[in-house]
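The structure appears right after this line, and notes come after that.
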Number of protein chains: 2
Amino acid sequence: MPRQARPDDGQPRPSTIRDVARHAGVSVATVSRILSGTYPSAPATRTKVMKAVRELDYVANAHARGLAGVRPKSVAIVVNSVVSPHYAHVAQGVQDQAVREGRLCIVGTTGGDPEHELATVQLMREEHAEAVILVGNIVADDAYRERMADYARALALAGSQLVLCGRPPLGDDVPAVVVEYDNVGGAHAITSHLLSAGHKRILFLGRYDGYSTPDSRLAGYRRALADHRVPHDPGLEVQGRMQRSAGYRMMIERLDAGPRDFTAVFAANDQIAAGARAALRERGLRVPDDVSLVGFDDLSPAEDIDLTTVHVPHEELGRTAVRLALGSEKPGTAQHVLLGTHIIVRDSVRPYLDR
Amino acid sequence: MPRQARPDDGQPRPSTIRDVARHAGVSVATVSRILSGTYPSAPATRTKVMKAVRELDYVANAHARGLAGVRPKSVAIVVNSVVSPHYAHVAQGVQDQAVREGRLCIVGTTGGDPEHELATVQLMREEHAEAVILVGNIVADDAYRERMADYARALALAGSQLVLCGRPPLGDDVPAVVVEYDNVGGAHAITSHLLSAGHKRILFLGRYDGYSTPDSRLAGYRRALADHRVPHDPGLEVQGRMQRSAGYRMMIERLDAGPRDFTAVFAANDQIAAGARAALRERGLRVPDDVSLVGFDDLSPAEDIDLTTVHVPHEELGRTAVRLALGSEKPGTAQHVLLGTHIIVRDSVRPYLDR
DNA sequence: CTGTTAGCGCTTTCAA
DNA sequence: TTGAAAGCGCTAACAG
């Protein structure tokens, strides 16, 4: 007996469009048309059908609908993790815009593992997401570029659109939308803020070579130094991940290694800043009286620790990504948007009077 | 001309199982069997098919597969918002466990609006999610109970499972899994902590009647007071939402309304605590020297402001929800789990010496 | 305005 | 071990 014969074994099952049609005494096509609301129909029929729908508690089967050629209404977002505030805010932006455009949102996490990322993108491809949004900084080596380009092409082939959010572009021949924000500009601005206050020895916390985000922030820092004709001391660039614990560790080690040779600190993000601040306090140094401190992101702890930082339009990033992806008439288009960043001045910087 | 005739208009399209079959010189059934790996097959055929798959860059169509009767491998999570740290952490837990069990994760947000929630659950039903996880506190009135019960039954009918995460149970006859954490116990413990330190006038910040989470925390507070034979003053319970800004506002208003009539503050969550702390500082009061302060959740700002608080197993909540939902052999089962909470002592409480 | 019907791409009998 | 064919639930020609 074929599986499909489905003997009436008493097991109730969700009702189908056929059940509704039978119940209302019309054809399935009529039900389909009335539900999609794209065709005119007799009010009486309409009423009958809606009544049947309600009585049978019918919901359409999204798989069947997707199969039958209707563009599946969903966008996918792939992030390293949802708990990181930056990703969470971007994800929120994606969500908002997706809902506004009547789309479902699928979220995948990779934990920062490229292999896992590949698998996740594959999965999204199976699901026929209208757009796949990759967010987060990564190692920008050649292998990566190659793979991304392949994703983009495969997605374009399937009528979908790859979006790189907060990642560097891949080149004009790759059909991907890129939505970035101005890391270099923000870092330049906040370093200048410190320099204008008289600081010349500024510790950079969170250098992480090969990763696009810290790399650009470091670049902005260096450029500001150069613009202000302040000598660049590589010894002031401390390596570390972009986490609170790393910030704490970097600062403790630096302070314990010898006499303090800096008057201000630029943390590559607010979490590092929070960790560094805890370390400073532990060693009896106050912010901003003894040491000035700035961060980057304008996220969660920033306000609580009165941190002067660079505001990043996280939600806007996500919203723009969706808008661009769905807006482009032809999927597989290359576009590039750069969102601005700006300083938020709180109370973590004091002028340094050089003598 | 029927849509399906699909003239070869030069538009490349994603390859189907049929393309693979043709390319490998076998039947679609063979390809299907080899890809699912559930049937024995000749090694030579296997190789041919895998080669074709690689060459054509074939990925299966999840819709078709879903339609053909394979349980769609996805769980859905519905939250108020992903940026709220609590939801983010629960979502992360759900993600983790979902991935571990080989499932895709669909995230929907409601913005706290019941109507929107209904629509979202409906959507998840269309998608045939294996489990629908609702997280977050809500108004627990009769209309809500009714609607939830309906969800649960509809989902069960479709072979799915409703999970209520951090929400009160609905009753034994409703086929839903409930995963809660001990709000009352945690609130009781931390209030006792304050009472043991000699505080008798404890301000409760964030009463919000009708919402399950603040309600239970308030209940724990009251019970601790009663257990310690400390008179209960309703005037110490301040109404407000569970947000930083509300915490700030509540505290400012209280301080400006007259002489301070409390020595300690129990904020219904860490965000309220952070806002209240900012307000206290603004009015020249230090934590913990002048006022003791505790929170609930053990999330983001808690560590940075040295807050003694109640730890909630956020991720574990999400993981348990998925495990239970997928583990129950028969969907539509009722289960109930209560996860424990415990105090994290930092540095926001000082003994109060009563005279 | 409504009914009939042919697929969408896949899995799973059944037969060989 | 493999192939042929039915059918999952839905939509969109096409023909009334």
Side-chain angles (χ1 to χ4, degrees), chain A residues 1-7 11 13-49 52-53 56 58-73 125-128 158-159, chain B residues 1-7 11 13-49 52-53 56 58-73 125-128 158-159:
Chain A
M1 170 187 56
R3 177 177 54 69
Q4 297 85 349
R6 204 197 255 155
Q11 271 295 324
R13 49 171 183 71
S15 37
T16 73
I17 199 173
R18 198 127 58 216
D19 299 327
V20 176
R22 199 158 27 228
H23 199 86
V26 297
S27 77
V28 291
T30 301
V31 176
S32 172
R33 282 189 282 248
I34 286 180
L35 289 182
S36 70
T38 48
Y39 275 80
S41 56
T45 322
R46 218 193 130 63
T47 316
K48 270 193 304 190
V49 170
V53 166
L56 296 177
Y58 167 78
V59 291
N61 180 328
H63 298 301
R65 185 178 285 165
L67 227 205
V70 172
R71 280 235 130 275
K73 302 240 163 272
R125 196 135 81 86
E126 290 183 16
E127 292 288 329
H128 285 212
Chain B
M1 174 185 57
R3 177 176 55 69
Q4 297 86 349
R6 206 197 256 155
Q11 271 297 325
R13 48 173 184 69
S15 38
T16 71
I17 199 173
R18 199 128 56 212
D19 300 325
V20 176
R22 197 157 28 225
H23 197 87
V26 298
S27 75
V28 292
T30 303
V31 176
S32 171
R33 283 190 281 247
I34 286 180
L35 288 182
S36 70
T38 47
Y39 269 67
S41 57
T45 323
R46 217 193 129 62
T47 316
K48 271 193 303 189
V49 169
V53 165
L56 296 177
Y58 168 77
V59 292
N61 181 327
H63 298 301
R65 184 176 284 163
L67 228 205
V70 173
R71 279 236 129 277
K73 301 236 164 279
R125 194 135 83 84
E126 291 182 15
E127 291 290 328
H128 285 211

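What you see is a predicted model, and the numbers here were worked out from it, not measured in a lab. Here is how names work: the chains are called A, B, and so on, in the same order as the sequence lines, proteins then strands, and each is numbered from 1.
- Ser27(B) meets the side-chain contact (heavy atoms from CB on, under 4.5 Å) test with Ala29(B), Thr30(B); sequence neighbours excluded.
- When distances are taken from the side chain of Leu67(A) to each of dG9(D), dT2(C), dC10(C), the shortest belongs to dG9(D).
- Thr45(A) comes within 4.0 angstrom of the backbone, heavy atoms only, and of no base.
- The backbone N or O of Leu56(B) sits less than 3.5 Å from a side-chain atom of Ser15(B), completing a donor-acceptor pair.
- Across all strands, Ser32(B) comes closer than 4.0 Å to base atoms (heavy-atom distances).
- Listed candidates were dC10(D), dC8(D), dG3(D). Nearest to the side chain of Ala29(B) is dG3(D).
- Using a 4.0 Å cut-off, some side-chain N or O of Ser27(A) falls inside it from OP1 or OP2 of dG3(C).
- Closest-nucleotide positions on DNA chain D for Ala64(B) and Gly25(B) were compared, and the one nearer the 5' end corresponds to Gly25(B).
- Closest of all the heavy-atom pairs between Tyr58(B) and Ile17(B) is CE1-N, 3.4 Å.
- At the heavy-atom level, Arg18(B) lies under 4.0 Å from the strands shown only through sugar-phosphate atoms.
- Side chain of Tyr58(A), nearest nucleotide from dC10(C), dC10(D), dT2(D): dC10(D).
- Inter-axis angle, ends of the helix from dC1(C)-dG16(D) to dA16(C)-dT1(D), five pairs per end, rounded to 10 degrees: 40°.
- When all heavy atoms are compared, the tightest approach of Arg46(B) to Ser41(B) is CG-OG, 4.0 Å.
- For the pair Ile34(B) and Val31(A), both in contact range of DNA chain D, the more 5′-proximal nearest nucleotide belongs to Ile34(B).
- Among the nucleotides dT5(C), dG3(C), dG9(C), the one closest to any side-chain atom of Val26(A) is dG3(C).
- The phosphate of dC1(C) (OP1 or OP2) has no side-chain N or O of Ser41(A) nearer than 4.0 angstrom.
- Looking at every heavy atom in both residues, Ala52(B) comes nearest to His23(B) through CB-CD2, 3.7 Å.
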